[in-house]
Amino acid sequence: MDDARSLSTAQDAGSSSAAPTDARLVSEQNGSAGDAPRVQVAPSTRCIQAVADAATGLIGADSYESLRDVLEQACRRFIPIDTFFLLAYEPETDTFRGVGGYDDGIFAEPSWIPASGTPAERAMQRRESLLISSADDPRGQGAILAGSGRRSESSIRTPVISDNEVLGVLSVQSYTPNQYTQEDVDLIEIIASLAATAWRNLRLVEDRRAAEHARMLSENRFRTMFEQFPLSVQIFDPTGRTLAVNRAWEELFDMTLDDVRNFNPLTDPQLEEIRPYLLRGFGGEAVTVPPHPFVPNRISSELAGAAGLMWLEITVWPVRIGFDEIQEVIIVHRDVTDRLEAEEALQQAQAELEERVEERTAELEKRKTELAQAEQRFRAIVEASPTPLLLSSVSDGTVLYANDRLETLIGAEPGSLVGRKTPDFYYDPTVRPHVIENVQRYGYIRDYELRIKKTDGTPKWVSLSVQPLIFDGVPAVASSLLDITERKQTEEALRASEESYRNLFDNLTELVYIQALDGHFLNVNEAVLRAYGYSRDELIGQTPGILADPERVDIEETKMRFLKAVDGEPQRFDWWGRRKDGSIFPKEVVLTPARYFGQDVVIAVGRDISDRVKADAALRQSEEHFRRLIENASDLISILDAEGVIRYESPAITRMLGYDPDEMIGKNAFDFLLPEDVESTLERLQYVVQHPGESVSAEFHFRHRDGSYRSLEATGRTLRPDDPSAGVIVNSRDVTERMESELRLQMQKTLLEAQGEASIDGILVVSDEGKILSYNRRFVEMWNIPDDVVASGSDDEALKSVIDQVDDPDAFLARVAYLYANPDVEGRDEILLNDARVFDRYSAPIISGEGKYYGRIWFFRDMTAQKRHAEELEHARREAEIAKVQAEDANRAKSQFLANMSHELRTPLNAIIGYAEMLVEDAEDIGHETFIPDLEKIQTAGRHLHGLINDVLDLSKIEAGRMEIFLEEVDVAQLIDNVRSTLHSVVSDKNNTFIVEQGDDLGVIRSDPMKVRQMLFNLLSNAAKFTENGVVTLTATRTPEDIVFNVSDTGIGMTREQLSRLFQPFVQADNSTTRRYGGTGLGLTITRRFAELLGGTIEVDSEPGVGTTFSVRLPLQPVDAKRL
Amino acid sequence: VKRILLIEDNEMSRDMLSRRLKRRGYGVLTAGDGEEGVRLAQETLPDLVLMDLGLPVLDGWGACRKLKSDESTRDIPVIAITAHAMAGDEARAREVGCDDFDTKPVDLTRLLSKIETLLRRKDAAH
């Protein structure tokens, strides 16, 4: 395009003009220049052609660019040109505007170039062409350079002048010096004149075009604004016809201009409401219509408000030109929905706010009133409160109020607390942050225990409760302080007490158990854990059963004792514990009811008594066995003092005399004697007391509990041989038995008499006609027969009156009928009555000596009591049986004890005898002969004791059933030989002759040789003991069944009575013999028991003053060795 | 000199019997319980043992059984002595190998004769 080619050069190419030329010159040199397209024509012709070419082009040129192109082409046809400019001059700014041309094909942007100082200005000012042929020509200085920056050598610059006004400069240039001639100048001047005319025309065209452009531009702007205007705009002509609408309008109403061609706002009924405004607008007044609702369409719905409506504000603008009549009316619609809604919301919010403020105010007022009332009430309460109270400010703890109780508590002067600070009252300042923190966290405090400081500085324990409140309009806290000093002290003491209790509890060597009332352990002390090897956890909750040795402890009894303790009766008893490892130990237990931490419990305290048990074992066993011996002895054993006051009675007294042993203690025995017996018996007692160690017998009658007297045979002696004050022990035996048989006879006789008197049986005599002949009172009483019935004398009537009392009336009547029908029959039967009585009925016919039958006699005996008695008797018999078995058991136990005791006694005795023997030997060695007799007495006494013990032991073993026999073949002759040699010296001791007679056929028996030997020892030494200057003979003979040993002496002999007691233990023929002859009194007993053990017998025959013979028979073969 | 080992736990009995035996020319060793007795017998090989039966640690029957089952002490005669005069005691003592039996209190004459008899029998066996 031309614009692209129109070069606005930076430099004036004209600077290279060699020499100034005027227009005339130019024209003179016309046609002298031109390159390839250049037409070589004569100057005149050339000029005409140039003008013609140019004129054609110039007429068509409608812009400077096209003008310039036409000029350049015209010029280049006739002269050589390197650079061509058409410079338009702007006089206002004194500048050139390059409107075209280019420099060596290099385009330059059109630009404004200052005109001053350039060759073009010079040409313009001179109003003549300027011809320059060399770059050195000064007239060419300041030339505008073309885009190449290259200076031209030759140039022609010709002013373009029209109507005397210089319009610009036409400039052609060449880099070749002396290129242009005057002819060229002429040509250029002609073209310039043509250009001037074209240029003027062009300027006119330019102006009209600019005006049109401006109008177009203005309209475009308006149109764009109109279209893009955000508000809906509608343009009307003054009659109300719509001329135009913008896009916003179309969107708002969802319509196009065509839709409103026939719509007239001045007449349309829809716009009735706003018509006045519209009329005013169309009347020439700018009017704004208040917002009114509008139902939005599909496009504008998104603009709708919450109510689904749009609110439009309409502005009406009349448009006038000058002050003439109205040309157009513009109506603008503004959507104010949002604004309205916002306003409405704002209003609503404001209203609500106001309402709430009012409510709030009212509430506050109410609160204030209530607070004032509460405060008044509170004050009243506080003043009267018995609790120390304090009000203090929250901020710094200033005391606002304190009641007099608080002043008293804290020891302050009345009224002196107000104004002080609460921190002063904390005894421990570190507590206060806790208090405050609790108030802040929970809003209050209840029963917080702390120490306050009294005014004298001493601490005091209080329980603090704090409640926040407003006091006199100030945030405050109300504190109540309860004085708990006393309680604290008590607690402290309790704690100390508990502590010491616990220490005590665990450090006790006694075993302590705390048991709940159901028996389970609540706690046990350390000693228990040590003693049993259990941990505390294993025991707590358990019952004592876990600790008991089941072999030795009767758990039921333990429970019973526990229950007694629970009932408040402390218990003490021995018990056997079993450790965790199974070992056992004895202990003593005391159960005591107690309180333990507010609970009823039983405290059991146990003590390990293993040591005591071991130490006392023998003693206890001894006591036990002696006691049993005494208590189970069939004889009554009593201990009396010298006056006869009873100190002890063995249980046998119950059986024998009907008394309880305990009730007799303290009573005088003589009060129970038959009065006739008192004197003689008292004498005996006195004798015993005066002769300690001597036994005395007596017989007397002792009153039974039932009032009867029993014949007792008693033996008494002092309890201790050396000390009568220890009392007298009396062994009594009931000898009433023989008396009793007499008594029974007596009773039977009496019974018979009583029968004869008809006082026991009910008797009825009935004639053969059935008439009552006789009856006794008993009969009537037994059968409870009314007097008038018996008085009637009719047996039938009597029967009728009793029949209902009988258990089986039919059998009863049948029996009666049978007996009456058979006069010769005697009958006896039992009748059971409804009331459980039992009658024995006996009936016999009454027949005279001549055999005449008179009738019948009936006996009725009430057997009820007898029956019951018989049952009781049977029961008693069984009891007695059991008691007997028990007594026998006890006896065995006693024997066992004696065996043990004998053994224990023998060991020290062994030493006594042995050392005595040694001393005798020592004395002999060193010649102290005088000691020897005494030492030998020790030996003798020792041996005697030894013998005693051996006998006791043997007897005990026999009675305990522990004497074993060892049967073997025994050569009897050899045995006798052995006995003879062993005992010869003993038997011969008192100048006695010892004779042994034995057959040749003794042979062998099966027996226990040790026992046989001992029997013979016993019998022989016994015989020797009671014989002096006499003969002791041992004979042995064999019969087909047995061997008989006879031991006979010529000693003192025995009476019958002595013989009867001979084989009883500890009894010798006479008590006095013990003193005279020594011995244990056990030898014969043992001998007899041995004989029995070996299946044999022993017999004795004696005559006082003549001698005694014992015979022992032993079977050749013991068939059934008896054990006792 | 014949050496007798007296095994007896009762101090008085031991003292008394050992002195009386020494007086009669025997060499006497003593032990207070069965175990010690067996050990002494094995170490000293005495000519005879007097053995109380009721001994602590190891009773007389046990001690005797040990002596009689040991090659070195088997031929030493043992006299059992007991305060238990139970017939069973002697039988049991003989069961475990005791050569003789006596009871307390000791009748020294009787015991000496038993000792002499056993020592003679032992010498003869050799």
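Values below: every heavy atom of this structure, side chains too, minus hydrogens, waters and symmetry copies. A, B, ... follow the sequence lines: proteins, then strands. Residue 1 opens every chain. Every value quoted in this text rests on a predicted model; they were computed, and no experiment measured them.
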Count the heavy atoms belonging to other residues, nucleotides or ligands that lie under 6.0 Å from [atom1] of [X], then report whether that count exceeds 12.
X: B:Glu36; atom1: CD; value: yes
X: A:Glu888; atom1: CD; value: yes
X: A:Gln974; atom1: CD; value: no
X: A:Arg1113; atom1: CZ; value: no

Say you draw a straight line from [atom1] of [X] to [atom2] of [Y]; how long is it, rounded to the nearest 0.5 Å?
X: B:Met12; Y: A:Ile912; atom1: CE; atom2: CD1; result: 7.5 Å
X: B:Asp107; Y: A:Ile913; atom1: CG; atom2: CD1; result: 9.5 Å
X: B:Arg19; Y: A:Met918; atom1: CZ; atom2: CE; result: 3.5 Å

